[in-house]
Undergrad: 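The structure is given below, and queries will be raised subsequently.
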Amino acid sequence: MDKKKKTSNTDQQYKSKFINKNNNFYHFSIAPMLRYTDRHCRYFYRLMTKKTLLYTEMITTSEILNSTKHNYLLYNIEEHPVVAQLGGSNPTMLAKCAKIIEKYNYDEINLNVGCPSKKMKHNILGAYLMMYPKLVADCIKAMQDVVNIPITIKTRIGIDNHDSYEHLYQFVSTIFKYSQCCTFIIHARKACLSGLTPKKNRKIPPLNYQRVYQLKNDFPFLRIIINGEIKTLEEIQKHLQHLDGVMIGREVYQNPSILMKIDNKIFGSRNIIKDRIAIIKSLYPYIEHELSNGIRLNNITRHMINMFKGIAGSRQWRRYISENSCNIKADIRVIERALNYIET
Ligand SMILES: Cc1cc2nc3c(=O)[nH]c(=O)nc-3n(C[C@H](O)[C@H](O)[C@H](O)COP(=O)(O)O)c2cc1C
């Protein structure tokens with residue numbers, strides 16, 4: 001991208017006005033995942049990392065506006081800092097939702113501009129919005145105008161044939177020009193809107209981390225966070241040499257104990273957690289409380305089954321939990337018995 005664009009007056013003007021408005025910033029976050037990162041999952045993660053930014057699953061504007069109880073927005077106070085992710089493309093509806101979300105004391109709001117589901121195409125949501133950068137900016141602005149919490153965007157490096165770096169540059173540039181958005185989470189692969197299922201869209205389009213690095217070079221004043229098949233602490237540290245933050249989804253779900261080292265290795269905290277069994281046991285009071293409110297044990301234990309990955313007895317732990325947590329009467333004793341399989 002040519003140098004002139006990089007340092008244009010407009011960019012500088014926006015830079016001085018809006019950057020660092022929010023001083024809280026998180027170098028590591030856990031990706032929103034529909035049907036996975038629910039409040040039980042987030043509570044469990046929070047026991048292992050106090051510093052990481054957590055996200056809700058995507059909640060659409062219609063889900064919020066068509067419900068009076070806003071059950072989708074319920075969370076536990078221990079989950080902070082927590083971001084509510086919204087799916088929507090109508091600025092007025094998004095603004096209404098943003099106000100409700102702020103009342104619930106969420107720390108940030110994130111707009112989903114990356115989901116490639118066909119349902120999204122119908123309503124111009126998710127990745128489809130990459131075709132309409134001005135509309136995205138209007139959505140962001142509408143929310144910013146009515147709340148005091150940061151509004152961020154999660155998107156991809158491109159869609160279909162609109163996959164050049166120039167397209168990504170223009171997309172980010174337009175949003176920044178017309179809104180105050182200064183945090184972009186970029187899934188480092190494009191979305192293929194026709195022909196690939198959402199699942200394949202998370203595997204098949206090739207990763208391009210360099211694109212994300214280039215974006216940071218061209219917009220050094222924006223907070224750019226990278227996402228996409230990052231798996232180890234070493235990879236996180238490597239990306240952080242170039243970028244402001246790293247977001248991980250699937251690897252954390254498949255191997256949650258990685259979180260026990262995050263506060264120490266990534267956030268520089270002295271707190272080191274080593275005992276996986278102690279983490280599981282520290283969840284008991286929460287589980288007892290949820291069971292007493294009619295929640296089934298498996299709604300919580302399903303997020304814990306990968307906790308002992310790589311440890312002797314983990315397969316038996318998984319099997320015991322999976323086979324015995326669904327029973328309506330299942331309680332803490334199921335976990336206690338499953339823990340007996342773990343060799344310490
Ligand atoms: C089961 C599943 C559900 C997802 N749901 C969402 C979602 O609600 N909102 C969103 O922005 N991304 C969603 N994603 C995408 C993830 O947030 C993330 O961008 C993607 O998995 C790539 O990161 P990873 O390789 O670290 O998992 C989902 C991914 C998976 C696997």
Side-chain angles (χ1 to χ4, degrees), residues 26-39 41-42 45 52-64 72-73 75 82-89 94 97 101 106 108-120 123 125-130 136 139-140 151-159 183-193 196-209 211-212 224-236 238-240 243 245-256 258-259 262 266 302-303 306:
Y26 306 91
H27 301 295
F28 182 71
S29 53
I30 300 179
M33 297 204 307
L34 214 51
R35 285 184 280 281
Y36 288 83
T37 53
D38 59 20
R39 67 189 175 87
C41 180
R42 299 190 304 261
Y45 286 167
T52 298
L53 188 61
L54 304 179
Y55 281 72
T56 65
E57 308 160 80
M58 182 185 73
I59 315 162
T60 62
T61 47
S62 324
E63 279 167 334
I64 295 178
Y72 298 103
L73 292 174
Y75 68 99
V82 61
V83 182
Q85 191 193 54
L86 274 176
S89 59
L94 283 163
C97 291
I101 289 170
Y106 277 89
E108 294 183 11
I109 296 171
N110 175 266
L111 183 65
N112 183 328
V113 187
C115 180
S117 157
K118 273 197 183 132
K119 281 188 215 151
M120 302 274 160
N123 302 309
L125 298 174
Y128 295 87
L129 280 170
M130 281 199 87
V136 175
C139 291
I140 298 288
I151 313 289
T152 65
I153 290 183
K154 180 168 179 282
T155 188
R156 294 199 176 221
I157 54 173
I159 42 168
T183 303
F184 291 77
I185 300 141
I186 316 273
H187 184 175
R189 52 162 62 91
K190 74 171 182 178
C192 295
L193 303 184
L196 289 187
T197 61
K199 196 171 175 189
K200 286 184 176 164
N201 259 303
R202 292 182 207 117
K203 265 263 147 325
I204 292 180
L207 285 161
N208 191 339
Y209 294 144
R211 281 261 160 107
V212 188
I224 305 289
I225 297 164
I226 195 164
N227 167 243
E229 276 188 48
I230 299 164
K231 292 190 160 74
T232 64
L233 288 167
E234 292 70 32
E235 286 173 61
I236 298 172
K238 199 177 132 227
H239 287 303
L240 286 178
L243 299 162
V246 172
M247 170 184 268
I248 301 189
R250 286 166 292 182
E251 183 60 20
V252 167
Y253 201 85
Q254 283 149 21
N255 185 17
I258 188 181
L259 296 178
I262 290 284
I266 306 300
R302 72 191 190 97
H303 304 300
N306 297 320

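Keep in mind that this is a model prediction, so the values were computed, not measured. Just so you know, ligand 1 is whichever comes first in the structure, and atom 1 is the first atom listed for that ligand.
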Undergrad: Does the gap between the ring centers of His303 and Tyr253 come in under 6.0 Å?
TA: yes

Undergrad: Roughly how far apart are Leu243 CG and Asn227 CG, rounded to 0.5 Å?
TA: 12.0 Å

Undergrad: First locate atom CG of Leu259, then atom CZ of Phe28, and finally report the distance between them rounded to the nearest 0.5 Å.
TA: 6.0 Å

Undergrad: For ligand 1, what N or O to protein N or O distances fall under 3.5 Å?
TA:
from: ligand 1; atom 1: 5 (N); to: Leu34; atom 2: N; distance (Å): 2.8
from: ligand 1; atom 1: 8 (O); to: Leu34; atom 2: N; distance (Å): 3.4
from: ligand 1; atom 1: 8 (O); to: Met58; atom 2: N; distance (Å): 3.2
from: ligand 1; atom 1: 9 (N); to: Gln85; atom 2: OE1; distance (Å): 2.8
from: ligand 1; atom 1: 9 (N); to: Asn112; atom 2: ND2; distance (Å): 3.3
from: ligand 1; atom 1: 11 (O); to: Gln85; atom 2: OE1; distance (Å): 3.4
from: ligand 1; atom 1: 11 (O); to: Gln85; atom 2: NE2; distance (Å): 2.7
from: ligand 1; atom 1: 11 (O); to: Asn112; atom 2: ND2; distance (Å): 3.3
from: ligand 1; atom 1: 11 (O); to: Lys154; atom 2: NZ; distance (Å): 3.0
from: ligand 1; atom 1: 12 (N); to: Pro32; atom 2: O; distance (Å): 3.4
from: ligand 1; atom 1: 12 (N); to: Lys154; atom 2: NZ; distance (Å): 3.1
from: ligand 1; atom 1: 14 (N); to: Pro32; atom 2: O; distance (Å): 3.4
from: ligand 1; atom 1: 17 (O); to: Pro32; atom 2: O; distance (Å): 2.8
from: ligand 1; atom 1: 17 (O); to: Lys154; atom 2: NZ; distance (Å): 3.0
from: ligand 1; atom 1: 19 (O); to: Lys154; atom 2: NZ; distance (Å): 2.9
from: ligand 1; atom 1: 19 (O); to: Asn227; atom 2: OD1; distance (Å): 2.6
from: ligand 1; atom 1: 23 (O); to: Asn227; atom 2: OD1; distance (Å): 3.4
from: ligand 1; atom 1: 23 (O); to: Asn227; atom 2: ND2; distance (Å): 2.9
from: ligand 1; atom 1: 25 (O); to: Glu229; atom 2: N; distance (Å): 2.7
from: ligand 1; atom 1: 25 (O); to: Arg250; atom 2: NE; distance (Å): 3.4
from: ligand 1; atom 1: 25 (O); to: Arg250; atom 2: NH2; distance (Å): 2.7
from: ligand 1; atom 1: 26 (O); to: Gly249; atom 2: N; distance (Å): 2.8
from: ligand 1; atom 1: 27 (O); to: Arg250; atom 2: N; distance (Å): 2.8
from: ligand 1; atom 1: 27 (O); to: Arg250; atom 2: NE; distance (Å): 2.8

Undergrad: Does a side chain donor of either Asn110 or Gln85 reach within less than 3.5 Å of an acceptor in the other side chain?
TA: yes

Undergrad: Which residues satisfy the side chain to side chain donor-acceptor pair (under 3.5 Å) test with Tyr72, sequence neighbours excluded?
TA: none

Undergrad: Does the side chain of Lys190 reach to within under 4.5 Å of the side chain of Arg156, using non-hydrogen atoms?
TA: no

